[in-house]
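Report on the following structure.
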Number of protein chains: 2
Amino acid sequence: MGRAKLNLKKIEHNATRHVTFAKRKSGLRKKTNQLSILCDADVAVMLFSSTGRLSCFSGDKMYAFFFFFAPLNLSLSLSLSLFLLKS
Amino acid sequence: MGRAKLNLKKIEHNATRHVTFAKRKSGLRKKTNQLSILCDADVAVMLFSSTGRLSCFSGDKMYAFFFFFAPLNLSLSLSLSLFLLKS
DNA sequence: TTCCCTATATATAAATC
DNA sequence: TGATTTATATATAGGGA
């Protein structure tokens, strides 16, 4: 998309990668919300950025709570999620 | 998108809603995978369809295992997820 | 319901500020 | 870092088989 076709491989330039991450994360959130509403589904998304920063979101139809543990540095992590449907 | 602009509300026609769900789920999977590769991030997605069917997927950079419990009919559910980064 | 097709709506890369 | 602006790549609604 956008001006140029993009190869599917890691964007090496740091600033560009971060910008793309922010844009696509918000795009994913939008798609998630649309799918949830249009199709009466519940969707939860967990994201770990390349710097290890974590973010989560879910469709408006439910409350979601996420708990994370990353005991062995970052190669293994554990997540406990609680979903409470609003309906 | 597509031929007509779509209102952001539940698609009432059953067959149409199911078709849209399948299409958008695969779209979401694609976006998830792209984000994961382009931005060197890890992403996990959990989906509950309107019929209660569950599906999960994650970027190629990690192995993800999902365990679900829905003790109180379907209004509350609990998920335990294990992520193992391949790198 | 599952593939194609294709006209449009959207997402978004790059550029500029 | 953000915001805004395009030009272009993609996603996908609706329809037909």
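Listed by chain and number, the residues in a side-chain hydrogen bond (donor to acceptor under 3.5 Å, both in side chains) with B:Asn7 amount to none (sequence neighbours excluded). Partners of A:Ser49 under the side-chain hydrogen bond (donor to acceptor under 3.5 Å, both in side chains) rule, at least two apart in sequence or in another chain, are A:Thr51. With sequence neighbours excluded, no residue satisfies side-chain hydrogen bond (donor to acceptor under 3.5 Å, both in side chains) with B:Lys31.
Separating the NE2 atom of A:His13 from the C1' atom of C:dA13 is a distance of 13 Å, rounded to the nearest angstrom. Rounded to whole Å, the distance from CD1 on B:Ile11 to C1' on D:dT12 is 11 Å. Remark: C1' of C:dT10 and CG of B:Leu28 are 15 Å apart, rounded to the nearest angstrom. Rounded to an integer number of Å, the gap from NZ of A:Lys25 to C1' of C:dA11 is 17 Å. Distance, A:Asn7 CG to D:dT8 P: 18 Å, rounded to whole Å. Rounded to an integer number of Å, the gap from A:Arg24 CZ to C:dA14 P is 10 Å. In this structure, B:Phe21 atom CZ and D:dA11 atom P are separated by 18 Å, rounded to whole Å.
Of the residues in residues 34-45 of chain B, those with a non-hydrogen atom less than 4.0 angstrom from any atom of DNA chain D are B:Gln34.
Closest heavy-atom contact between B:Arg29 and B:Cys56: NH2-O, 4.3 Å.
Ring pair A:Phe83/B:Phe68 is parallel by interplanar angle, where below 30° counts as parallel and above 60° as perpendicular.
Here B:Lys30 reaches the OP1 or OP2 of D:dA11: one of its side-chain N or O atoms lies under 4.0 Å away. For A:Thr16 and C:dA13, the shortest distance from a side-chain N or O to OP1 or OP2 is not below 4.0 Å.
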Its contact letters, B for base, S for sugar-phosphate only and - for none at protein heavy atoms under 4.0 Å, make nucleotides 2-7 of chain C read ----BB

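Counting only distance, with no hydrogens or angles, the side chain of B:Ser36 and the backbone of B:Thr32 share no donor-acceptor pair below 3.5 Å.
When the nucleotides C:dA13, C:dT10, C:dA11 are ranked by their closest atom to the side chain of B:Lys5, C:dT10 comes out on top. Distance from the side chain of B:Lys31 is smallest for D:dA11 among the nucleotides D:dA11, D:dA9, D:dA13.
Each of A:Leu6 and A:Ala15 was assigned the nucleotide of DNA chain D with the nearest heavy atom; the assignment lying further toward the 5' end belongs to A:Ala15.
Residue B:Phe21 is found in a hydrophobic cluster whose other members, listed by chain and number, are A:Phe21, A:Leu28, A:Leu35, A:Val43, A:Val45, A:Leu47, A:Phe57, B:Leu28, B:Leu35, B:Val43, B:Val45, B:Leu47, B:Phe57; membership requires side-chain heavy atoms under 4.5 Å apart, directly or through intermediates.
Expressed to the nearest 0.5 Å, how far NZ of B:Lys23 lies from CG of A:Leu38 amounts to 12.5 Å.
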TODO: Evaluate the criterion side-chain contact (heavy atoms from CB on, under 4.5 Å) for residue pair B:Arg53 and B:Phe48; output intermediate values, then yes/no.
DONE: CA-CA 6 Å; B:Arg53 196 178 288 262; B:Phe48 303 81; over 6 Å; no

